[in-house]
S.K.: 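Just dropping this structure here.
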Amino acid sequence: MKVIMSGNEAIARGAYEGGARFASAYPGTPSTEILENMPQYGDSVYSEWAPNEKVATEAAIGASIAGVRSFCAMKHVGLNVAADPIYTFAYTGVTGGFVIVVADDPGQHSSQNEQDNRNQAKAARLLMLEPSDSQEAHDYMKAAFELSEKMDMPVMMHVTTRICHSKSIVELGDRVEAEVPDYEPKIKKYVTAPANAKVLRATLEERVEKARAFANNCEFNKVEMHDTGIGVITSGVSYQYARETFGEGASYLKLGMTFPLPYDLIKDFASKVDTLYIVEEMDPYLEEHVKMLGIDCIGKDKIPKYDELNTDIVRKAFLGVEPETYKSDVATVVRPPALCAGCPHRGFFYALSKRKGIMITGDIGCYTLGMAPPLGAIHTCICMGAAPSQGHGASIAMRNAGKSTKVVSVLGDSTFFHTGVPSLMGEVYNGGSNLTVVLDNRITGMTGHQQNPGTGYTLMGKEAPEVDIPALCKAIGLKDENIITVNPNDLAEVNAALDKLLPKEEPCVLITRWPCVLKKFSQQDIDEFPTLHKTQCVIDQDKCKNCKMCVKTGCPALISTKEKVVVDKTSCNGCTVCKQVCPFDAIEEVTR
Amino acid sequence: MSEVRNILLVGVGGQGTILASKILTSGLMKAGYDVKMSEIHGMSQRGGSVSTQVRYGDKVYSPIVGKGSADVIVAFEEMEALRWLDHLKIGGTMVINDYQIQPVPVNLGAAEYPEGIIEHLKGICDVHAFKAADIATDLGNPKAMNIVLLGALVKSMGGLDDIDWDAEIEANVKPKFVELNKKAFHAGYDL
Ligand SMILES: Cc1ncc(C[n+]2csc(CCOP(=O)(O)OP(=O)(O)O)c2C)c(N)n1
Ligand code: SF4
Ligand code: SF4
Ligand code: SF4
């Protein structure tokens, strides 16, 4: 059967067909939909959200050691978190086929950096596959489990945003069932005490060379001979851009397996063409290998070293042609993303933004948008879980240097569970004095509303125990009186808590508890927050003095023109933050 | 081999470009075309600019519509039409929803929304502008605006009349909205 699928849907389907029985992931754009698509195969494949990528990878590794075909998935930076287990798992090799899906984000559509994880596959020695459309994403994923078993290597499926989020036609197949062996300890293989690990280190090189021999002659690497004046070596979605640029005016070596690289095949292809181009996104990964083989080629001299490629860029780089276009001299206004109308983060940030002279370390999530005007209440964002630890380092360092700047650290619930807990633990253990704010909007918002250990549900829709954040904070050493939970939409409540906690010279935690407005509410949410979506605000134009105070909350439902401010009825969610800041009592709350 | 045709659907997060493109690509696939579609999610869901790119033909390679290559651009919002103008093929058609969404900088008084965009674009390229939101509201629900625009798009592309669009709507929208969306499609098509 043929269906149209995104790369992520195709990877999920490929995993099902390839005989996977276990899947774990932590969400992250552009990889999130892979696991979101797994519950439909729930009869055959168990799937779960892990609190972070390291845990997801370790769980999948455990399943593989137990003899079960398994995979984990993450966005590119997730691999940094998961690097510890994966580098050593490359030594031990697998029992059940194992795949780690890593989704890079060239062009940084939704990411804090643009790292090229093909380098990590090489550094860790993971067998790497790179599909160039949804059909290949499906086929490669399906084949990856058996390949992993045959080579005794973890496989890295390397995809990019354009693969994950583009749709194309996929021919579906049937599931292959892999037998699960009875458990048998393999201590020499899986206990990487130095004596064993040194042996494994040597066999790893042998496995890499065996995989390289396979790569020279496998279905993943394809030679397409046309005109031999130009030869192009390429992989992933870059193949599509190259193919469209040169058509049949060039020959192609399209690499689907890019670690270990097929040196013989590359040499052979290069010998058959006059000029060799390398078309790849981000780092000169292929180019450096080709040059190392002593082969002349042209790549990054012509193609940008960063950002996404597309056909226009490749065409301009190699053929020097640019498309004819319509032009206008009227400038457009940028449309930066903003916290949603009624977002529970807004009230908190509005209150925090009024406190001056503090350093606010931030983290990654929807709440990072608290950095933007008019709120401007996030000063840092480097990586997940860093707000408390960064804040701790900053405040201790400033204190020792004789400075007295107060530090507030802000992170979301999912971020807190990801790596925020050890980060806060370090602060409490080492005598810190910061205020840490956990913005508990009852869901993982930024990536499209995934359940997490605090929400009471699992990926497969089962009820689950909930982390009790105040109790957890107490358990790691915070004093009871230094932990306060508030409704972030109630500015008076937030301000009272800030007044109480900011002057303290001890570690404190403020929890804001109110659901994200885009969350699909559970019965528990409806019971706990009975006013959800029940009301809206309207501006009484007779009372309104057009002072724009409400607009300074940054709510996109407040439409402001020179003459007046109105509430957009289709988007207001009734958080009442605007009503609370209006100095003229011009905003009314009405039932929907 | 027939030439690859290119469509861009552009708008603001939450306007329903994704459903429209889903119906479109599914119809094109059933008609036997090779189809590729690309969209960017993520931060853009929070009120940012969004775009969905659709390409079809005998064989499609890149999923991205290049500059100067869109046969039709459907702009769900006026300023987004202007933003993507350089992607329109010379001689292509710009289908524009006569509808404005103020971006944050305009709301905060830090920038001004350009006036008279539709008239301005009419002086540059072929423009088919109408109030899709009003049409959808008259049919019973402003949210069906996206399907009104889809109808207008299918008409502008030409050559897609043999596809059973009603069946695609049935397959892709909730039962209680099927009738509304069918009407919306035909209203857009018949404009
Ligand atoms: C290591 C890593 N993994 C995943 C992501 C993707 N990511 C960005 S924000 C986020 C979730 C944030 O959720 P939460 O902390 O609950 O905040 P919210 O978005 O709900 O405000 C995720 C998964 C990332 N940036 N880095
Ligand atoms: S308009 Fe007011 S009540 Fe409505 S969502 Fe915005 S801030 Fe909240
Ligand atoms: S998705 Fe939820 S958490 Fe994110 S900005 Fe919107 S309301 Fe806030
Ligand atoms: S804060 Fe009140 S008075 Fe001022 S513009 Fe808003 S509604 Fe009008």
Side-chain angles (χ1 to χ4, degrees), chain A residues 2-4 6 29-30 32-33 105 109-111 133 161-162 165-169 237 239-241 243-244 308 310-312 315 322-328 330-340 366 369 372-374 446-448 518 548 551-552 554 556 558-562 570-571, chain B residues 4 12-14 21-22 25-26 28-29 34-49 53 60-64 66-69 79-80 82-83 85-90 92 94 101-114 116-117 120-121 124-125 142-143:
Chain A
K2 277 190 177 174
V3 291
I4 187 154
S6 69
T29 315
T32 310
E33 299 82 5
D105 189 18
H109 292 285
S110 333
S111 304
D133 61 14
T161 302
R162 286 294 169 183
H165 288 173
S166 293
K167 293 194 176 185
S168 56
I169 297 168
V237 74
Y239 163 75
Q240 311 291 358
Y241 308 142
R243 186 66 178 71
E244 203 160 273
E308 245 191 335
N310 58 40
T311 307
D312 287 346
R315 202 178 274 145
E322 283 184 81
E324 199 189 334
T325 61
Y326 287 117
K327 289 180 184 68
S328 159
V330 179
T332 52
V333 182
V334 290
R335 220 178 263 287
L339 295 173
C340 300
C366 283
L369 294 171
M446 176 90 255
T447 40
L518 296 186
K548 308 288 191 211
V551 179
K552 295 203 176 96
L558 293 159
I559 313 291
S560 168
T561 53
K562 278 201 189 77
T570 57
S571 54
Chain B
V4 172
V12 176
S21 61
K22 198 171 167 195
T25 47
S26 163
L28 291 167
M29 185 187 83
D34 187 19
V35 187
K36 283 194 176 164
M37 187 257 247
S38 185
E39 62 203 5
I40 295 297
H41 323 208
M43 278 294 214
S44 53
Q45 283 170 353
R46 314 282 170 261
S49 301
Q53 331 216 354
V60 180
Y61 290 99
S62 165
I64 303 179
K67 286 190 179 155
S69 75
M79 191 165 59
E80 296 310 308
L82 184 57
R83 198 186 307 285
L85 175 67
D86 64 352
H87 279 68
L88 190 66
K89 186 188 270 181
I90 302 295
M94 186 73 92
I101 299 177
Q102 272 202 176
V104 175
V106 173
N107 231 13
L108 295 175
E112 275 189 41
Y113 193 102
I117 291 177
H120 170 67
L121 288 174
I124 298 175
C125 60
K143 288 211 166 136

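Here is the naming used below: chain letters follow the sequence lines, and residue numbers restart at 1 for every chain.
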S.K.: Would A:I169 and B:D34 satisfy side chain to side chain contact (heavy atoms under 4.5 Å, CB included), going step by step from the backbone distance to the final call?
M.R.: CA-CA 7 Å; A:I169 297 168; B:D34 187 19; 4.1 Å; yes

S.K.: Which heavy atom of A:V3 sits nearest to which heavy atom of B:M29, and what is that distance?
M.R.: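 Heavy atoms of A:V3 and B:M29 come nearest at C-SD, 3.9 Å.
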
S.K.: Does the B:Q102 side chain pair with the main chain of A:S560, one donor and one acceptor, at a distance under 3.5 Å?
M.R.: yes

S.K.: Which heavy atom in B:P114 sits nearest to a heavy atom in A:V330, and how many Å separate them?
M.R.: CB-CG1, 3.7 Å

S.K.: Is it the case that over 12 heavy atoms from other parts of the model lie below 6.0 angstrom from the NZ atom of A:K548?
M.R.: yes

S.K.: Testing the basics here: between B:N107 and A:V551, what is the closest heavy-atom pair and its distance to 0.1 Å?
M.R.: O-CG1, 3.6 Å

S.K.: Let me confirm one number: the NZ-CG distance from B:K67 to A:N310, rounded to the nearest 0.5 Å.
M.R.: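 Reported value, rounded in 0.5 Å steps: 8.0 Å.
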
S.K.: Quick one: what part of B:I101 sits under 4.5 Å from any heavy atom of chain A, side chain, backbone, both or neither?
M.R.: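 Answer is both: backbone and side chain atoms of B:I101 are under 4.5 Å from chain A.
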
S.K.: Passes side chain to side chain contact (heavy atoms under 4.5 Å, CB included), B:L121 versus A:Y326? Steps please.
M.R.: CA-CA 10 Å; B:L121 288 174; A:Y326 287 117; over 6 Å; no

S.K.: For the residue pair A:V333 and B:R83, what are the closest heavy atoms and their distance?
M.R.: O-NH2, 2.9 Å

S.K.: Could you tell me the separation between the CG atom of A:D133 and the NZ atom of B:K36, rounded to the nearest 0.5 Å?
M.R.: 4.5 Å

S.K.: Just to verify, what does A:D105 make a side chain to side chain donor-acceptor pair (under 3.5 Å) with, not counting sequence neighbours?
M.R.: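 Side chain to side chain donor-acceptor pair (under 3.5 Å) list for A:D105, sorted by chain: A:S111, A:T161.
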
S.K.: Counting heavy-atom pairs under 4.5 Å to chain A, which of B:P142, B:S21, B:S38, B:G68 comes out on top?
M.R.: B:S38

S.K.: Under 4.5 Å heavy-atom distance to chain B, tell me which part of A:A331 shows up: side chain, backbone, both or neither.
M.R.: backbone

S.K.: Where does A:V237 contact chain B at under 4.5 Å (heavy atoms): side chain, backbone, both or neither?
M.R.: side chain

S.K.: Can you tell me how far OG1 of A:T561 sits from CD of B:E112, rounded to the nearest 0.5 angstrom?
M.R.: 11.5 Å

S.K.: For B:K143, which atoms come within 4.5 Å of any heavy atom of chain A: side chain, backbone, both, or neither?
M.R.: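 B:K143 has no heavy atom closer than 4.5 Å to chain A.
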
S.K.: What option among A:T311, A:D312, A:L339 has the most heavy-atom pairs under 4.5 Å with chain B?
M.R.: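 Going by pairs under 4.5 Å, I would pick A:D312.
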
S.K.: Minimum heavy-atom separation for A:E244 to B:S62, with atom names?
M.R.: OE1-N, 3.3 Å

S.K.: If you look at every heavy atom in B:P105 and A:P336, which pair is closest and at what distance?
M.R.: CD-CD, 3.7 Å

S.K.: Quick one: do A:R335 and B:E80 make a salt bridge, cutoff under 4.0 Å?
M.R.: yes

S.K.: So which of B:V35, B:I90, B:L88 has the largest heavy-atom pair count under 4.5 angstrom toward chain A?
M.R.: B:I90

S.K.: Which bit of A:K562 comes within less than 4.5 Å of chain B, counting heavy atoms only: side chain, backbone, both or neither?
M.R.: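 It is the side chain, since no backbone atom gets that close.
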
S.K.: Among the options A:I559, A:T325, A:T570, A:T32, pick out the one with the most heavy-atom pairs lying under 4.5 Å from chain B.
M.R.: A:T325

S.K.: Which value, rounded to the nearest 0.5 Å, describes the distance between A:R162 atom CZ and B:I64 atom CD1?
M.R.: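 Taking CZ in A:R162 and CD1 in B:I64, the distance rounds to 3.5 Å.
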
